[in-house]
Amino acid sequence: MNVLKSEASEERGEFSHQSTFIGAIAIADMLKTTLGPLGMDKILQSMSGVDSLTITNDGATILSSLSVDNPAARVLINLSTTQDQEIGDGTTSVVVFAGELLRMAEQLIARGIPVPVIREGYQRASAAALAALTESANANDGSEEAFREELFRIAMTTLSSKILNVDKKFFANMAVDAVLRLGGSTNLANIQIIKKLGKTMEDSFLDEGFILDKQISVGCPVDLKAEDPEHPLRVLVANTSMDADKVKIFGSKAKVSGATELAAIESEERRRMRDKCARIMKHDINCFVNRQLVYNQAEEEFAAKGVMCIEHADFDGIERLSLVLDADILSTFDTPEKARVGTCQRIHEIMIGEDKLIRFAGVPKNQACTIVLRGASKHLLDEAERSLHDALAVLSQTVKDRHTCLGAGSSEMLMSLAVSREADEREDLTQVAMGSFSQALENICFILCENAGLDANTIVAKLHAAHAGGHKTAGIDIVNGCVGDARELGIVEALKSKRQMVMSATEAASQLLKVDNIIRCAPRERQQGQ
Amino acid sequence: MAPTSSAKSEDVRTTNIAAAEEVLSAIRTSLGPRGMDKMVITGKGDVLISNDGATIMKELEARHPAARLLIELSKAQDVEAGDGTTSVVVMCCSLLHECPNLLKMGLHPSVISRGYGKAAAKAEEILDSMSIDLDLDPSNVRKTLITAAKTSLSSKVVSQYSKWLAPIAVDAVSAICDPLNDDNVNLDDIRVVKLAGDTIDRTELIKGLCFPRKVSHVANGPTSISNAKIAFIQFCLSAPKTTMDSSVVVSDYQQMDRLIREERRYILTMCKKIKASGCNVVLIQKSILRDAVSEIALAFLAKMGIMVVRNIEREDASFVCRTVGCKPIASIEHFTADKLGHAFIAEEIELSGKRMVRVIRDDPALPQPEHSAKTITVLVRGVNKLILDEADRSLHDALCVIRSLVKKKKQLPGGGAAEIELAMRLDEYAQTLSGLESYVVKAYANAFELIPYTLAENAGLNPIATVTKLRSEHNKGVTMAGIHVKKGDILDMRAKKVIQPTLVTSSAVKLATETAQMILKISDIVAAR
């Protein structure tokens, strides 16, 4: 009997498992090659727009631009998006690990091990792995300098897998400086990233002010400086129409009998604009920033009074400015005493490449800063921005949490051994499932080596032996192609990111395993002409 | 996974390299002074003749992602150095060309990428060590810069005119900055105006403004004013118009008379005010709302002996104001003498049947203050649009070359001398390395031979004989030896004055390496939404 609508479909039992495994493993396999410091990049070629081309190895970016039809693949994509929002990094590893867990589960199911047992085994294994990971973590409760060093190492690790690899020291320092300025806040909106074509990556810089990519109006002063630091410059941030201040009464129309009267109306209109400018200047300001256009007349009014005028600063610009300068975005100007006007020490034009930009220095929210990225091509700049954003996200999380763990496959191997020790003590079938979990963790190390073009089998075996022999900080030395000490190599990651990776991958895998029926609803019918 | 497709990483790499070679074969024949031109028929049906790498690449409209990266590369070199846009693509493709062999040997792409990075750092060192410092003697500076500009122009369609264009480019740059002491030039301050007709050698430098606008001829207004007092106005010289809808209601003929009288009086008051300020040239910004200036106003101004130029774009306001030193005036009430700019002469000239407005800032008879001008205009001439466009592009390249020298005051020999030296020195360097990297650096070194090889080939010389001779000269320690294309021989490039800025070559090496690394690292092309 047909219960479902005619176009709906249903996959049950083995079939549903199969489609889960196929989808999830396909996604994981696709991402696999981008994992680790020597992971490869992918070109994302858009099917809709011809001109959009993205080159990236950021897991979240790749996945979010895919269009997939498989439900399990969707779950993994969500997984990576969540990781991106929570931590900002580890978006590739979480998907690859979930894929490995499912690959192992497929083999277990083939061996006839029931799904609930696999899930229980995975849960136990995950608990054991997390316990071992937390135990190995570094709490960083020492001096601030030591903590800064640790942050620097985290940034180095995050960036090493990105396009900024070449100048990672430079960018790691930049990211750490920027995050430390935030003073514990995780609001990355305070860090503005500007991309400018030209020069090379090394010419990027961190500016301790706010940079607005706009022009100062003609005739206005181009360099304002507060004489006395106690009396900073006053900046009014506004969103108001400064073109022709239209009489916004619908359908209003003036009827006159001659040019004199018409001229009177016109001059009245001009007077209104002049009044508006006067009202704005009553706020005792040095600089006026508007989201909308500022027309010639108003521009001249401001210029005549020596007020710097910046037009068309768009939404993003004024919102950041209001945040950074601690100002309200004003639209009415009748109560100067109530309005919160922004302050800063200096406003001037700077040249970056071939463009002129406006710099606000000495802003009250000292947390704010701007990073200017330079690079050879648009693709490079876009990818650099993504990479830097990841690093900033991880660092800001670490400033809050402070715990760190080791990278370079060291933590994975450590967890793998801990899980396998725990498994040895189990007497039921969960032992096998836990063994598989342990194997999945080891596979991550394997992929790391493989992507680097190293002899994966030998190195993973050596790493395994080193950990089993009690060398708990052993990790893969990608550069020299051997087993080294991850602590000495300075490869450190945020504990939160690693924990999150294990937890959410396990959760997603066991959630997918529990599915035994996929029902695809009939697509909603669209009416013709819609 | 319905609509996505993914190819195996090795296939992807092979096709990427194949695509790069495709681009290479299209563009390499235009390298060097004897390089050929390409005729590109754009999608719109326009025809374009050029041998400027960046221009050709831009018009290619390639579909393949790797080819599009090369286009970006050429664009980046254009932004960075403005010249060497063909060489950078040839270099990058040549670097990629070496890769299949390395990959076949079993080297991992990331190993190749790392090796390339190492070699590029070394290449930078080598280039620096073989550069010649710019002659900083103030009396020679102009000559040195002209030589460099000539080298850049020698490979263009307009090469026979380099004698005229090179000094113009140098003078334009040195008018707005001091090439010896400044370290950057804003090329936006140099405006290039193109006018068809006459030949390229009539191209001239105008210390002031020149724009293809007409002076108003209503009521025989003046068309030439010396000792000009210039105002730039942004308000309208016409009957009043309100922003809100308005209509004038006329009920009988007397009212109509009055209406016309009133309008005349209104405009006359404005014109009188302009006259009172001492202004004798009015530039009027274009208005989108209504007529910027009415016929009556033009007639009044003409009678008062004031020259009027209409329809100036708002974007040009800043350039115009900076040139003549005036301030924009947005309302008649603010029309005062302190907002006026001054110029030696403002006049309408007629060139090849086209009327132009020319404003010359300073009296040419007086000694010109050096490096002090805020802006400068170059009026480019040429017999047809194709030549004109190409002259414009070539002039831009020459300006960029001079800017490169201002930015980094070092030069390299041209004619493939730098490249062959790089190839040989990197080869030596490769032998000091051990392991896989040695192979990679060797391949990297090898790739640079393609530039002198192509130069020779394009010049109709025997490429193998020429390159081997070049090699042997360099082996003897003559680092300045290069291919003198016009003489068809290996000569000292420094003596023959074939010299280019170090910045052009070093940025080409850096950018080409970066792009080659990027293409190598791509393992997959994924179809996305």
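Letters go in sequence order (proteins before strands), and every chain restarts at 1.
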Checking [X] against chain A: side chain, backbone, both or neither under 4.5 Å from a heavy atom?
X	value
B:S507	neither
B:L520	backbone
B:R265	neither

From the list B:T515, B:L511, B:I329, the residue making the most non-hydrogen contacts under 4.5 Å with chain A is B:I329
Does any heavy atom of chain B fall under 4.5 Å from the side chain of A:R274, the backbone, both, or neither of them?
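Contact with chain B: side chain only.
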What part of A:E301 gets within 4.5 angstrom of chain B, counting heavy atoms only: side chain, backbone, both, or neither?
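When you check distances to chain B, only side chain atoms of A:E301 fall under 4.5 Å.
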Scan B:K339, B:K327, B:Q234 and name whichever one has a side-chain contact (heavy atoms from CB on, under 4.5 Å) with A:E300.
B:K339
To the closest 0.5 Å, what do you measure between CD1 (B:I522) and CG (A:D41)?
6.5 Å
Is atom CZ of B:R264 surrounded by more than 12 heavy atoms (other residues, nucleotides or ligands) closer than 6.0 Å?
no
Side-chain contact, heavy-atom cut-off 4.5 Å: A:I55 with B:L69?
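Contact flag for A:I55/B:L69 side chains = yes.
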